[in-house]
2 protein chains.
Amino acid sequence: MNAAGRPPTIYDVARLAGVAPSTVSRAFSRPGRVSSQMAARVQAAANELGYRANAAARALQTGRTATIGLVVSDVTNPVHFGIIRGVEEAASQAGYTMLLADAQESEPHERTAVERLLPGVDGVVLASSRMSDRAIRAVAKQRPLVVLNRVVPGSRSVVSDTEAGVRSALAHLHGLGHRSVTYLAGPEASWADGRRWRALLDLGPEFGLRTARVASSAPTVSGGLAAARDVLRLRPTAVIAYNDLLGIGLLRGLAEAEVRVPEQISVVGFDNIFGSDFCTPALTTVAAPLRAIGTEAFWELHRLIDRQPLRTHPVLTLPTQLVVRDSTGVRAGSGSRRRKAAEGT
Amino acid sequence: MNAAGRPPTIYDVARLAGVAPSTVSRAFSRPGRVSSQMAARVQAAANELGYRANAAARALQTGRTATIGLVVSDVTNPVHFGIIRGVEEAASQAGYTMLLADAQESEPHERTAVERLLPGVDGVVLASSRMSDRAIRAVAKQRPLVVLNRVVPGSRSVVSDTEAGVRSALAHLHGLGHRSVTYLAGPEASWADGRRWRALLDLGPEFGLRTARVASSAPTVSGGLAAARDVLRLRPTAVIAYNDLLGIGLLRGLAEAEVRVPEQISVVGFDNIFGSDFCTPALTTVAAPLRAIGTEAFWELHRLIDRQPLRTHPVLTLPTQLVVRDSTGVRAGSGSRRRKAAEGT
DNA sequence: GTGAAAGCGCTAACAT
DNA sequence: ATGTTAGCGCTTTCAC
């Protein structure tokens with residue numbers, strides 16, 4: 001507090017230290033441009049007064065806020081836990097504050113959220129965005145942008161290695177004697193969904209696996225539960241779900257229909273979220289390095305904001321790993337005696 | 001963009017509309033103080049230019065940011081899903097942006113997070129804070145503040161009705177023939193933990209229930225898993241866990257120890273989080289109206305920020321509800337024939 | 001290396 | 001009801 005009972009400003013610090021306000025400013029924002037003794041003197045005065053730079057004033061002058069926005073498609077999807085933690089960790093390390101916005105699995109909601117937060121941030125991370133490429137490019141035109149779990153031409157992104165993940169899952173199922181696999185699909189607007197289905201289609205033949213596809217109403221537990229009927233209609237021996245939420249829901253739906261997993265149907269999910277280890281049976285899943293995706297995304301954004309040199313390739317791909325649990329087993333009537341086969345990649 | 005290639009300001013709008021900059025300012029921030037025709041004229045000009053108020057400039061002048069901070073003890077605890085959604089929903093309805101900070105279940109972390117976000121917000125909501133009353137009061141001295149799931153003398157807060165919740169759980173267990181109940185405790189720094197244990201102690205006798213207490217290392221699934229050994233040492237017939245995370249962990253620990261639930265031990269949790277319905281067995285739990293807690297907290301904060309009249313009582317208590325699932329059953333050897341008894345309050 | 005002064009975009013007296 | 005004007009606290013030329 002200064003004499004007027006308001007927080008101290010650089011003027012207060014300058015007066016106490018017997019220097020010019022501009023020097024105080026430099027001491028804080030351009031540490032190199034001030035002599036070390038001057039720096040010490042200013043620091044001492046600032047500490048004595050409890051000075052803290054006013055972010056609004058700095059932002060007004062520089063146009064930078066030291067804040068980045070993270071928009072997630074759905075905060076209540078545990079897949080975002082790791083991403084949130086990762087981004088936040090890297091951001092605070094770099095002196096940035098993270099603003100989190102929730103798109104509530106709705107494209108209009110997401111647009112509104114982005115629009116609201118855009119003016120107040122130096123850059124944006126879009127996680128599992130449901131917006132169109134066009135809309136994303138429009139955002140990128142306004143602020144530095146990094147996209148997660150998606151590739152948008154012209155934008156930088158961080159993704160997990162879908163192909164390797166799908167391949168390991170298929171290898172695993174093939175090893176268990178399965179001859180076909182049904183994909184329980186995610187949202188139309190999800191890039192990852194398209195990518196996973198594509199990989200299934202491309203790689204299935206490699207393992208002699210036929211493929212089928214069933215839609216879901218929402219990438220949630222209840223969506224999976226509701227989809228069980230449609231899945232059963234195809235009488236599959238193995239299902240790969242777009243994500244763990246759907247996988248867990250499907251498990252429940254199958255249990256309700258008294259279909260035994262994995263004896264009658266094997267189920268594989270994606271992401272390895274909270275809960276995939278304690279549902280029944282525990283879910284076999286393709287784990288993504290979520291936290292690393294978050295930190296990498298932030299640093300990439302940071303380089304963009306600071307106009308630092310970038311990698312040549314705009315897409316950073318991080319490895320996935322198959323986590324084998326109890327929801328996958330040998331195909332019913334396959335004659336194989338092995339309960340659990342090779343675990344893929 | 002204006003002539004200089006920068007975003008339009010009130011000066012650009014004023015020039016186009018042929019009015020004074022202050023009139024433009026008023027048209028946006030004090031809609032009542034301009035004539036309706038003037039408002040229309042300014043709006044038209046603003047739309048034509050694509051004018052958006054500069055938040056930093058406004059904040060610099062007024063000291064208000066139209067942003068509030070929400071600090072949660074742990075974003076990866078699903079108990080916060082509803083709270084986050086609730087706060088965010090109300091905030092955006094009121095034209096506020098929500099800044100989310102994660103304390104990562106650590107008191108120092110929480111202090112840092114609060115300190116970082118405090119200067120940039122008009123008010124703060126602290127959810128399940130692990131800070132001391134003293135530290136919280138220090139925050140309240142700097143900004144309007146609402147506390148969740150906790151009562152801090154001198155501060156406004158929103159809590160769920162612990163006593164009623166505990167009472168309904170005890171009535172349920174008593175009805176199932178249990179004669180004692182063991183409490184699996186949460187973090188020392190948790191106010192809710194103290195409150196729940198206190199209620200158990202106070203209300204136990206009412207139902208002829210003896211009480212015991214076992215500590216946990218962390219209010220997480222792994223904390224509950226690890227605590228199973230200590231719990232078993234007491235040979236309880238019923239356990240009430242501080243929260244569902246611990247409850248789910250305990251369930252797993254008991255399963256590993258081949259103790260059957262609910263046949264040998266009944267388990268009750270708190271919160272009714274994501275996952276408590278699909279763990280095995282599904283967890284009986286005291287559900288809190290999380291989303292409502294969030295929205296109420298925001299509106300209370302809003303009143304604080306706007307210096308509007310407040311309720312006389314600083315603590316708003318919201319009702320809880322017992323959700324009976326499969327983790328509770330009649331006491332082993334109790335002779336009772338009922339599988340499921342009355343469900344309490 | 002340090003100081004002086006202008007101005008970022010907005011709001012709020014004050015004046016008319 | 002609208003215009004004029006003076007800052008809010010900071011950074012950034014431009015001098016020295």
Side-chain angles (χ1 to χ4, degrees), chain A residues 1-46 49-67 95 119-120 122, chain B residues 1-46 49-67 95 118-120 122 306:
Chain A
M1 298 293 155
N2 57 18
R6 298 206 264 99
T9 70
I10 49 170
Y11 292 92
D12 300 318
V13 177
R15 196 174 317 118
L16 181 61
V19 300
S22 52
T23 302
V24 177
S25 169
R26 275 189 283 259
F28 283 99
S29 47
R30 297 253 183 289
R33 303 232 184 138
V34 86
S35 69
S36 58
Q37 27 180 1
M38 177 60 85
R41 209 161 92 194
V42 170
Q43 267 305 341
L49 295 173
Y51 168 78
R52 315 266 347 219
N54 177 320
R58 179 174 286 168
L60 177 56
Q61 172 68 20
T62 62
R64 313 228 340 213
T65 58
T67 298
D122 292 343
Chain B
M1 296 295 155
N2 56 17
R6 297 207 265 102
T9 70
I10 48 171
Y11 292 92
D12 300 316
V13 177
R15 197 174 314 117
L16 182 61
V19 301
S22 55
T23 302
V24 177
S25 169
R26 274 189 284 260
F28 283 99
S29 47
R30 297 253 184 291
R33 304 228 186 144
V34 296
S35 66
S36 57
Q37 28 179 1
M38 177 59 88
R41 207 160 95 197
V42 170
Q43 267 304 339
L49 296 173
Y51 168 77
R52 314 265 349 220
N54 177 319
R58 180 173 283 170
L60 177 56
Q61 171 66 21
T62 62
R64 309 217 359 200
T65 58
T67 298
L118 213 52
D122 293 344
D306 274 8

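Here the structure is a predicted model, which means the values were calculated and not measured. Residue numbers begin at 1 in each chain, while the letters A, B, ... track the order of the sequences.
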In the 5'-to-3' direction, what one-character label does each nucleotide of nucleotides 7-16 of chain D receive under the scheme B = base within less than 4.0 Å of a protein heavy atom, S = sugar-phosphate only, - = no such atom?
BBBBBBB---
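In terms of the salt bridge (charged side-chain N to carboxylate O under 4.0 Å, His left out) criterion, residue partners of A:Arg15 (sequence neighbours excluded) are, by chain and number, A:Asp12. With sequence neighbours left out, A:Ser25 forms a side chain to side chain donor-acceptor pair (under 3.5 Å) with no residue at all.
No donor-acceptor pair closer than 3.5 Å links the side chain of A:Arg26 to the backbone N or O of A:Arg33.
Scanning all heavy atoms of the two residues, the minimum distance from A:Ala27 to A:Val34 falls at CA-CG1, 4.2 Å.
Put simply, CG on B:Asn54 and OG1 on B:Thr9 are 9.5 Å apart, with the number rounded to the nearest 0.5 Å.
At whole-Å resolution of the value, CZ in B:Arg15 and P in D:dG3 are 14 Å apart.
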